[in-house]
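What follows is a set of notes on a single structure, which appears directly below.
Basis for what follows: all heavy atoms, side chains included, without hydrogens, waters or symmetry-related copies. Note on naming: letters A, B, ... go to the chains in the order of the sequence lines (proteins, then strands), and numbering restarts at 1 for each one.
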2 protein chains.
Amino acid sequence: MTVSRALNRPEIVADDTRHKILEVCERLNYRPNANARSLRTNTSHQVGVIIPDWRNAFWIDVVSGIEAVLTGAGFQLLIANSNEQGRREDLQIEAMLSQSVDGLLIAPSDGAPSGDSLSRIDELLAAGMPLVIIDRLPAGIANVSCVTIDNESGAYKATRHLLDGGHRRIGLLAGNINLDTGQQRVDGYLRGLKERGLAVDEQLIRTAETNAALVGREVGYSSTLEFLDMDNAPTALLCTSNTIAIGAIAALQERRVQIPEEMAIVSFGDMEWTTLLSPPLTVITQPTIEMGRQAGLMLLEYLEDVPEDGHKRHRKQRRIVLEPQLIVRASSVRGAAAKTIPDD
Amino acid sequence: MTVSRALNRPEIVADDTRHKILEVCERLNYRPNANARSLRTNTSHQVGVIIPDWRNAFWIDVVSGIEAVLTGAGFQLLIANSNEQGRREDLQIEAMLSQSVDGLLIAPSDGAPSGDSLSRIDELLAAGMPLVIIDRLPAGIANVSCVTIDNESGAYKATRHLLDGGHRRIGLLAGNINLDTGQQRVDGYLRGLKERGLAVDEQLIRTAETNAALVGREVGYSSTLEFLDMDNAPTALLCTSNTIAIGAIAALQERRVQIPEEMAIVSFGDMEWTTLLSPPLTVITQPTIEMGRQAGLMLLEYLEDVPEDGHKRHRKQRRIVLEPQLIVRASSVRGAAAKTIPDD
DNA sequence: CTGAAAGCGCTAACAA
DNA sequence: TTGTTAGCGCTTTCAG
């Protein structure tokens with residue numbers, strides 16, 4: 001039918017024909033079938049987004065950034081939660097390919113030591129699928145475009161801030177160091193210590209097996225209790241995630257440890273409630289929404305880079321690293337007013 | 001090809017043929033095209049979920065509940081965020097129908113006084129589309145299955161709790177009363193007062209135009225300041241949402257008002273951080289995940305009610321109302337230990 | 001500018 | 001048990 005033309009490129013159809021068609025469509029409540037169109041054109045205007053944990057506000061913010069960019073450009077989002085399980089991530093990639101998504105935004109899960117989904121990601125790249133990796137960059141994959149946050153820098157800033165406050169023993173509640181993001185935070189902490197010529201006490205570094213929220217809380221709680229029981233307890237705590245901080249604060253409150261007098265505390269991730277605590281929490285804010293936006297924009301470039309020549313163009317790989325900021329509040333400084341530390 | 005058979009109903013295919021087929025599929029990295037299948041079978045194994053604000057943990061929890069049930073049953077979720085805008089909601093329903101989703105789960109937005117999406121919902125029902133409404137039930141629609149929370153009861157429990165604590169002037173920071181949920185919370189508050197024969201002071205009831213998170217915070221903040229400036233200020237606050245509570249607490253802290261001595265506070269919605277506040281926050285917990293689960297299960301019933309007779313079966317409408325619980329913490333009682341008030 | 005024909009990848013129905 | 005045919009609703013190509 002000419003109907004298709006009228007709907008897709010109205011300009012090449014005679015005015016009155018077009019009006020007639022549109023009117024009839026309206027009356028019949030006609031709705032084009034997206035599946036048929038996708039089948040024919042091999043394009044779906046859908047983009048798959050795979051995140052490891054959507055109960056975590058961090059990821060929701062990232063997705064918000066992605067959404068702002070991508071739905072504005074006419075794409076629909078298919079959002080999947082891998083739950084930090086490589087197997088699930090794999091299945092979800094599979095499902096999205098079946099839906100013939102036009103592109104993919106993936107934050108790789110920490111699971112799957114099998115490396116299964118890593119090789120899948122390589123396959124995707126080889127096949128020319130528009131793909132941008134978010135936040136985490138597993139060691140195994142190369143030549144991929146990504147948007148990440150400089151975790152090393154964030155941890156370094158936080159550590160330096162605590163050292164500047166006179167702390168010499170800083171407990172590090174690191175998350176999952178199997179993740180590059182986790183390891184980088186440890187690195188930043190170590191750099192801070194090294195810069196001041198301080199020795200590293202391995203006992204002050206605690207890690208977790210996974211980034212799952214519940215586990216984070218539990219690890220924050222129990223590790224903090226262990227710290228408090230040490231002969232030579234730390235005087236400051238650096239929590240590498242919000243959930244860890246929640247557990248840590250719960251432990252401190254339970255033991256009636258004064259913050260910041262007896263224990264200073266800094267955490268990754270600013271939340272709406274961090275200013276409500278007594279004292280308000282010093283944090284390293286992560287540009288989550290911005291990370292999503294940038295990743296969306298980057299993907300969009302690939303998406304709009306139409307393969308006119310029949311097959312996938314060879315694309316330049318791009319990397320963006322976003323800088324986190326330290327926001328100093330009372331939890332880490334005696335009598336301090338809140339202020340933002342500018343970037344170096 | 002017989003391939004289709006081997007993949008979909010392996011049992012009706014000879015063993016060796018099947019093995020051969022599967023092996024070849026593996027080797028070629030074959031992936032069935034979901035669009036083609038949907039086109040042919042008119043079923044997509046996709047379910048659309050439309051929520052008003054995914055930056056709000058409330059809705060994310062609801063979606064988690066839905067996901068647990070539906071992905072377990074082999075359905076993929078299409079999640080859309082209407083941002084409380086009726087127009088967007090409308091477009092999203094439209095888009096989902098285009099994708100030929102098998103069913104729809106909708107939390108209607110408070111926008112669109114046009115009633116446009118209301119009539120759309122009626123259309124969907126008339127067309128026999130499996131549909132379950134979540135959390136909110138706009139006045140205009142009838143004969144629809146839904147899962148909601150008893151907001152009236154929640155507000156009533158909270159009010160009674162405060163009255164039992166000796167409070168006689170309770171400020172109500174109501175959200176958007178254009179929403180049935182908002183109005184019900186006001187009703188529960190009024191019932192509490194009435195039961196004790198107390199007069200209602202309209203000045204103590206503040207409402208907002210929308211449920212957007214930022215607005216909630218702002219309204220909580222400014223209304224609380226106004227309360228504090230009254231000659232006859234309330235001695236207790238009932239916040240109908242978390243975001244409102246955040247604003248209210250910020251205002252109280254700013255004015256150095258002692259909680260609960262000078263102002264008791266109760267809020268809807270338990271969050272991971274509510275116990276970290278000083279004092280910990282008394283809340284009405286809403287069974288969000290359970291609401292999602294129940295809605296998912298309800299939809300699943302419709303989905304599995306296969307239209308063998310060729311067209312949509314006339315289905316019984318069902319309604320589930322979930323009961324919220326009051327968790328008493330120190331923010332509403334002097335020197336109280338935390339405890340849960342059992343249902344009546 | 002509009003119509004006709006073919007085919008995207010799949011499955012339902014029927015035939016072998 | 002397997003192969004064949006047709007057609008889901010759309011767009012593309014080629015004729016009119």
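D:dG3 atom C1' lies 19 Å from atom CZ of B:Arg18, rounded to whole Å. One interatomic measurement links the two molecules: CD1 of B:Ile12 to P of C:dT11, which rounds to 12 Å at whole-angstrom precision. For the pair B:Gln99 CD and D:dC10 C1', the interatomic distance rounds to 14 Å; values are reported in whole Å.
Side-chain atoms of A:Gln92 come within 3.5 Å of backbone atoms of A:Asn81 as a donor-acceptor pair (strictly under, hydrogens ignored). Judged by distance alone, the side chain of B:Asp180 and the main-chain N or O of B:Leu137 form a donor-acceptor pair under 3.5 Å. In terms of modelled atom types and a separation under 3.5 Å, the side chain of B:Asp102 and the main chain of B:His45 share a donor-acceptor contact.
Side-chain proximity of A:Thr17 to the nucleotides C:dC1, D:dC10, D:dT1 is greatest for C:dC1.
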Result block: side-chain N/O donor-acceptor pairs under 3.5 angstrom for residues 67-80 of chain B, not counting sequence neighbours:
from: B:Glu67; atom 1: OE2; to: A:Arg88; atom 2: NH2; distance (Å): 3.1
from: B:Thr71; atom 1: OG1; to: B:Glu67; atom 2: O; distance (Å): 2.9

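Taking A:Ile12 as the reference, A:Arg5, A:Arg9 meet the side-chain contact (heavy atoms from CB on, under 4.5 Å) condition, with sequence neighbours excluded.
The shortest distance between side-chain heavy atoms of B:Arg55 and A:Ile289 falls below 4.5 Å.
If A:Asn33 and B:Asp16 are placed on DNA chain D by their nearest nucleotide, the residue sitting closer to the 5' end is B:Asp16.
Using a 4.0 Å cutoff on non-hydrogen atoms, the parts of residues 34-47 of chain B near DNA chain D are B:Leu39, B:Arg40, ordered by number.
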